[in-house]
Undergrad: 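Got a structure for you, questions after.
Residue numbers run from 1 in the order of the sequence given. Every value quoted in this text rests on a predicted model; they were computed, and no experiment measured them. Every number for a ligand or one of its atoms is a count from 1 in the order of the listing.
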Amino acid sequence: MPIIRSDISGLYNYSLEERQDLIAKLVKLSSDDLKILRNLGYLSSIKLNTMIENVIGSYQLPMGIATYFKINNKDYLIPMVIEEPSVVAAASNAAKIARKHGGFQAEKVSSIMISQIQLTHLKDISTAKEAILKNKSQILKMANELHPTLNKLNGGAIDIQLKELNTKRGAMLIVHLLVDVLNAMGANIVNSMAEAITPYIEQLCDSKVYLRIVSNLATYRIAKCRAVFDKELLGGAEVVDGILDALAFAEVDPYRASTHNKGIMNGIIALALATGNDTRALEAGAHAYASLNGKYSPLSKYSIDADGNLIGELELPIALGIIGGMTKIHPMANISLKILGVKSAGELAQVAVSLGLAQNLAALKALVSEGIQRGHMALHARNIAKLAGAPDDLVQKVSSILIKNNVFRLDYAKNIVNRLLAGEKL
Ligand code: MEV
């Protein structure tokens, strides 16, 4: 690797193409690399430049469709953007199993976000609290003046809650501004409202405000769903039993709980990416919620019904938007929303939580039966077959030989391809 220096001043002033040239030159990219970098796909350089800084390209990932989802009696095709094989197939498989007993039942999800304002250096916390509560309607009015349209649509700042915290730097008063952000994810809305009301609050309370920012622990946007997974379709009582044991394991062991929840987020994040939503906010919220009672726990629950079927339930905060942010700017996010046909952010959260449960169930089902690698290997084998030079009409044959013999080496695949091409019957 060539030795490079990273102190490039004003990279943002370069055009996108100049940046590509500069980086290519600095790290000695090949002309093929540069060709890939130059291919921006469906995103124009203007669009890319308005999304982030120092853009040098656009990064593609596969987008798939999860099938068989019925949620609150409505069918959905769910777009998922993810690099991991088997995830889309697994979700579809779990949704097919749930369908036998009516699919997923998801509760209504509200759209209230919390913004936190941190008051420090307070002379007297009680007086500060009183001052804020006395002027609550004025504070809410100031916040709402910033987003009159939201307010007209019956959204906007609706309440203020106060919380005293004893920290190692002294007592602090935390103001929670509650805002109904309707169909937006809402971080930008609540951040700008919090910033707008801060000088007034500072003056009211004679204090110093540092942070004024959204909380990603969106406890007013809890999404909940439930589904019954048919015992026979799951593979019988032993699989049901195994899933209950897998959950019991996760309930007492954070090492397992973290992977259990990762499986849930495989689905939710893939949908968030497909719809142009903030995936980091969702992850942060989910894992904070998983440890809200002081112990990191699995986000889903399983039990059995009278017929031995498995009942799955999932609950977590889901702050997703269908307007604002990237959702309308990114053409693929737009297409995803059309495929989904959701009418509100709350409905999208219902789809997300159902997808999360399906993903979790599918992972557990695989783990307690054939293991997770078999599904992974099916796609992997196809890739190896292609890499080994199998023509399109032989890819399936070569990959099934690799799977049957449980050998996934390229040299082995090449040998199979050559023998098949030479007319050998394998
Ligand atoms: C892999 O992406 C997800 C799983 O590890 C989830 C789980 O273990 O429950 C299979």
Undergrad: So, is N360 polar-close to ligand 1, with some N/O to N/O distance under 3.5 Å?
TA: no
Undergrad: Using a 4.0 Å cutoff against the non-hydrogen atoms of T259, which atoms of ligand 1 qualify?
TA: 5 (O), 6 (C), 7 (C), 8 (O), 9 (O)
Undergrad: Of all the atoms in ligand 1, which lie at a distance below 4.0 Å from a heavy atom belonging to L367?
TA: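 This gives 7 (C), 8 (O), 9 (O) as the contact atoms.
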Undergrad: Any idea which atoms of ligand 1 are less than 4.0 Å away from a heavy-atom of K262?
TA: 1 (C), 2 (O)
Undergrad: Show me which atoms of ligand 1 lie under 4.0 Å from any heavy atom of E84.
TA: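 Result: 1 (C), 2 (O).
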Undergrad: Once rounded to the nearest 0.5 Å, what's the spacing between atom CD1 of I139 and atom CD1 of I132?
TA: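 Output value for this atom pair is 5.5 Å.
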Undergrad: In terms of side-chain geometry, is the basic nitrogen of E164 or K129 positioned less than 4.0 Å from the acidic oxygen of its partner?
TA: yes
Undergrad: So, do L364 and Y302 sit near enough that their side-chain heavy atoms are less than 4.5 Å apart?
TA: yes
Undergrad: Regarding K74 and E347, does a basic nitrogen lie under 4.0 Å from an acidic carboxylate oxygen?
TA: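 Here K74 pairs with E347 in a salt bridge, since their nearest N and O are under 4.0 Å apart.
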Undergrad: Would one find an N or O of H260, backbone or side chain, under 3.5 Å from an N or O of ligand 1?
TA: no
Undergrad: Just heavy atoms, cut-off under 4.0 Å: does R256 contact ligand 1 by side chain, backbone, both, or neither?
TA: side chain
Undergrad: Looking at residues at least two apart in the chain, or sitting in another chain, which of them share a side-chain contact (heavy atoms from CB on, under 4.5 Å) with A270?
TA: M80, I82
Undergrad: At a non-hydrogen distance cut-off of under 4.0 Å, which region of V87 contacts ligand 1 (side chain, backbone, both, or neither)?
TA: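 No part of V87 is near ligand 1 at this cut-off.
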Undergrad: Under a 4.0 Å threshold between the charged nitrogen and the carboxylate oxygen, would D180 count as salt-bridged to R221?
TA: no
